[in-house]
Amino acid sequence: MVSELQCATFISTGILDMLDPQILRADLQQTAEKLAQRGYQLDVEAWEQLEQSRKSIQVETEALQNKRTTISKSIGQAKAQGQDIQPLLDEVAQIGEQLEQSKSKLKEILAEQEQVTLYTPNLAHDSVPVGKDEDDNVEVRTWGTPKQFEFQVKDHVELGEVNRGLDAESAANLSGSRFTLLTGEVAQMHRALAQFMLDTHIQKHGYTEYYVPYLVNAQTMQGSGQLPKFADDAFITEDDRYLIPTAEVPLTNLVADSIIDAKDLPIKLTAHTPCFRREAGSYGKDTKGMIRQHQFDKVEMVQIVHPEQSFDALEEMTAHAEAILQALELPYRAIVLCTGDMGFSATKTYDLEVWLPAQDTYREISSVSNCTDFQARRMQARYRSAEMKKPQLVHTLNGSGLAVGRTLIAVMENYQNADGSITVPQALQPYMGGKTVISQV
RNA sequence: GGAGAGAUGGCAGAGCGGUUGAAUGCACCGGUCUUGAAAACCGGCAUACGUUAAUAGCGUAUCUAGGGUUCGAAUCCCUAUCUCUCCGCCA
């Protein structure tokens with residue numbers, strides 16, 4: 001649980017952030033409708049009232065401020081010329097109290113508005129199917145054909161036991177439920193997968209590798225949209241740091257509070273990190289095996305791009321994630337998430353789902369999102385070119401390339417043999433000392 | 001963990017209670033000169049919000065952040081964060 005007190009420490013920038021205040025102002029009704037598609041109810045009337053009082057009070061405050069500054073300056077001048085300043089002091093004294101009142105009122109309203117914008121999700125792109133939940137997601141394409149097995153397939157838990165590589169009991173004893181302990185060749189394959197993914201993104205897809213902190217502060221979590229709304233999903237330390245739920249958090253925030261030269265775009269970053277999630281609200285889901293864990297490894301891709309490029313970049317990044325599955329020859333399908341199933345910061349998301357023979361279904365293994373300027377606004381990440389008068393917000397994207405644990409599961413299940421041994425995919429063999437099969441049978 | 005020093009514009013670096021959004025240099029942009037380039041010289045060059053048709057004017061805020069003192073704060077006080085130096089500890 002995150003206490004009220006901790007929530008109160010969330011960083012106020014003093015600016016109206018998050019959802020573009022200009023958009024909220026320009027076409028409030030339409031914005032509210034778009035938000036409703038995502039299951040978010042914006043109180044239009046309350047917002048309009050807030051806006052009205054903000055306007056009048058801000059104008060009033062600034063006028064008072066101006067008056068005081070002007071008088072104060074003339075006090076300085078009068079003093080320098082040796083004139084009597086008492087009349088001026090009397091005059092300014094009256095403004096003081098009025099100004100204080102006006103100021104604190106304005107502060108209150110701004111804080112209220114910030115609360116609204118901080119909790120408001122990104123707007124969905126027009127190409128995103130409108131829908132309520134995952135049932136309304138739309139399949140975009142499939143790749144590969146699920147293999148027909150001549151024998152009764154085992155799931156990854158059984159395969160892990162057979163090969164003495166997956167020990168749920170020890171993990172539970174050490175840490176509790178939703179943790180995994182890998183040993184021997186299975187642990188080796190897990191490591192090999194991460195290396196293979198990282199090398200592919202660096203060598204073939206043009207990403208720069210990063211090693212990042214696994215603990216970040218509240219400001220950073222807020223920048224990429226995890227806070228304040230999803231505080232309960234994250235692990236927090238006693239000194240108010242958060243275990244990263246994904247490398248997206250530190251990678252994306254690398255450009256926070258900066259103005260990037262347009263010719264340095266796009267910026268393409270990747271990192272292999274553990275990810276920590278409370279999995280609050282997922283009780284009873286995927287309790288068996290290592291599908292849903294408090295700790296899992298992931299290779300993450302992040303791109304910081306020119307606003308006009310972000311939808312092309314979304315396709316490109318999705319292809320980068322698909323390239324890993326293709327190299328491993330794992331059948332999968334790509335789906336586009338509907339408005340109701342998308343994450344908070346995303347305007348459009350593709351999920352990749354890998355075929356799991358034991359479940360006889362596709363399961364999520366990667367999620368690639370275009371966040372447009374939503375995170376950039378929270379982080380104040382902008383770019384500038386010579387022709388531009390003002391810096392503009394960049395667009396940010398992130399995607400898993402891929403979730404390592406789930407990829408391990410997919411390899412184990414798709415590459416299993418009748419005796420319970422597991423063939424090592426060809427692409428992975430160089431990363432496993434040339435080993436072609438895992439077998440403790 | 002202990003002791004000390006510091007945080008100013010894209011960068012470097014002045015200012016240390018009044019007319020300072022902030023000297024100066026570098027970088028960058030425009031121009032003069034030049035066959036061209038360099039050099040030299042001239043000019044320009046922060047961000048956000050408000051008002052507005054306006055990326056025009058005008059107003060407000062911003063010298064790490066948050067409080068305070070004051071008619072007035074980059075300048076004084078308090079707190080937090082971060083950086084550096086030394087000691088301790090440690091992979």
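Order of the sequence lines fixes the chain letters, A, B, ..., with proteins taken first and strands second; residue numbering starts at 1 for each chain. Just so you know, these numbers use all the heavy atoms, side chains as well, and skip hydrogens, waters and symmetry mates.
- A cation-pi arrangement is not found for A/Lys229 relative to A/Tyr119, the charged atom failing to lie both closer than 6.0 Å to the ring centre and inside a 45° cone about the ring normal.
- Straight-line distance from the CD atom of A/Gln65 to the P atom of B/rU51: 17 Å, rounded to whole Å.
- Salt bridge annotation for A/Lys204-A/Asp199: absent, with no cationic side-chain nitrogen under 4.0 angstrom from a carboxylate oxygen.
- In summary, the aromatic rings of A/Phe230 and A/Phe344 are positioned with their centroids under 6.0 Å apart.
- When distances run from any side-chain atom of A/Lys107 to the nucleotides B/rC71, B/rC82, B/rG67, the shortest one goes to B/rG67.
- Nucleotide B/rU52 has no partner under the Watson-Crick or G-U criteria, as no pair reaches both atom distances under 3.5 Å.
- Pair assignment for B/rU32 gives B/rA40, based on Watson-Crick or G-U wobble hydrogen-bonding distances that are each under 3.5 Å.
- The residue among A/Lys67 and A/Lys73 whose nearest nucleotide of RNA chain B lies closer to the 5′ end is A/Lys73.
- With P as the reference atom, B/rU83 and B/rU8 are 14 Å apart, rounded to whole Å.
- As rounded to whole Å, 12 Å separates atom C1' of B/rU70 from atom CD1 of A/Ile85.
- Of the C1' atoms belonging to B/rG68 and B/rA14, the separation is 27 Å, rounded to the nearest Å.
- With hydrogens and angles ignored, no donor-acceptor pair closer than 3.5 Å exists between the side chain of A/Lys55 and the base of B/rG50.
- Comparing the C1' positions of B/rU55 and B/rA48 gives an interatomic distance of 14 Å, to the nearest angstrom.
- Across the strands present, B/rA74 finds no partner; the criterion is a Watson-Crick or G-U wobble pair with both atom distances under 3.5 angstrom.
- Between the side chains of A/Ser369 and A/Thr349, at least one donor-acceptor pair of N or O atoms lies under 3.5 Å.
- The base of B/rG59 is paired with the side chain of A/Glu62 by a donor and an acceptor separated by under 3.5 Å.
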Candidate pair A/Asn122 and A/Thr347, rule side chain to side chain donor-acceptor pair (under 3.5 Å), full reasoning: CA-CA 6 Å; A/Asn122 200 355; A/Thr347 196; 4.5 Å; no

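- A/Leu106 places its CG atom 15 Å from the P atom of B/rU60, with the value rounded to the nearest Å.
- Donor-acceptor pairing under 3.5 Å is lacking for the side chains of A/Glu62 and A/Asn66.
- Side chain of A/His205 to main chain of A/Tyr207: no donor-acceptor pair is present (N/O by atom type, distance under 3.5 Å, no hydrogens or angles).
- Taking 4.0 angstrom as the limit, A/Asn66 places a side-chain polar atom (N or O) nearer than this to OP1 or OP2 of B/rU60.
- Pairing for B/rG88 is absent, judged as Watson-Crick or G-U wobble with the two contacts each under 3.5 Å.
- One can place CD of A/Glu114 at 14 Å from C1' of B/rC49, the figure rounded to the nearest angstrom.
- Using C1' as the reference atom, B/rU62 and B/rA3 are 34 Å apart when rounded to the nearest Å.
- B/rU62 is paired with B/rA46 under the Watson-Crick or G-U wobble criterion, all donor-acceptor distances under 3.5 Å.
- Taking atom P in both B/rU75 and B/rG9, one finds a spacing of 14 Å when rounded to whole Å.
- The distance from atom CG of A/Asp257 to atom C1' of B/rA46 is 15 Å, rounded to the nearest whole Å.
- Checking B/rU47, B/rG50, B/rC71 against every side-chain atom of A/Val59, the shortest atom distance belongs to B/rG50.
- Atom CG in A/Leu215 sits about 17 Å away from atom C1' in B/rC82, given to the nearest Å.
- Across the interface with RNA chain B, nearest-nucleotide mapping of A/Thr70 and A/Arg382 shows A/Arg382 to be the residue nearer the 5′ end.
- Set against B/rU47, B/rG67, B/rG50, the side chain of A/Arg54 has B/rG50 as its closest nucleotide.
- Nearest nucleotide to the side chain of A/Gln77, out of B/rU19, B/rC82, B/rC71: B/rU19.
- The partner of B/rC82, taking Watson-Crick or G-U wobble pairs whose two distances both stay under 3.5 Å, is B/rG6.
- Rounded to whole Å, the C1' atom of B/rC58 lies 10 Å from the corresponding atom of B/rU52.
- When the C1' atom is compared between B/rG4 and B/rC63, the two are found 24 Å apart, to the nearest whole Å.
- What separates CG of A/Leu89 from C1' of B/rG18 is a distance of 13 Å, to the nearest Å.
- Nucleotides B/rC26 and B/rG50 have their P atoms positioned 37 Å apart, rounded to a whole Å.
- Among the protein residues, A/Ile71 comes within range of no part of the nucleic acid, since none of its heavy atoms lies under 4.0 Å from any strand.
- Atoms CG (A/Leu88) and P (B/rG18) sit 18 Å apart, rounded to a whole Å.
- Contact annotation: A/Lys263 side-chain N/O to B/rC28 OP1/OP2 distance is not under 4.0 Å.
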